[in-house]
Amino acid sequence: MIQLYAALLARLGVTEYELQLNSIGDAACRPAYLARLNAWLDDHADLLDDERTRESARRARCVSST
């Protein structure tokens, strides 16, 4: 997938970009990460609009069930 995207960017003439990868860890450390993330989101809900709040809750449920 990364190579496909790099090829697309090259075809479009994009020569300067930065690839940033993110992971929420493996099955062993994911629950602790999600607990901290959800605590932060709960504490900072005023920073999120309604759509982002719903999306965060949906993602947390989806990820925690995997």
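With contacts defined as side-chain heavy-atom distances shorter than 4.5 Å, the pair Leu19/Leu21 qualifies. Inter-residue side-chain proximity for Cys29 and Asp26 is flagged as met; some heavy-atom pair is nearer than 4.5 Å.
The number of heavy-atom neighbours closer than 6.0 Å to CD1 of Ile2, taken from other residues, nucleotides and ligands shown, is 12 or below.
For Leu12, the side chain to side chain contact (heavy atoms under 4.5 Å, CB included) partners two or more places apart in sequence, or in a different chain, are Leu8, Val14. Shown here are the side-chain hydrogen bond (donor to acceptor under 3.5 Å, both in side chains) partners of Gln20, two or more places apart in sequence or in another chain: Glu18.
Sorted by first then second residue, the ring-ring contact (aromatic ring centres under 6.0 Å, His included) pairs that include residues 3-40, not counting sequence neighbours, are Trp40-His44.
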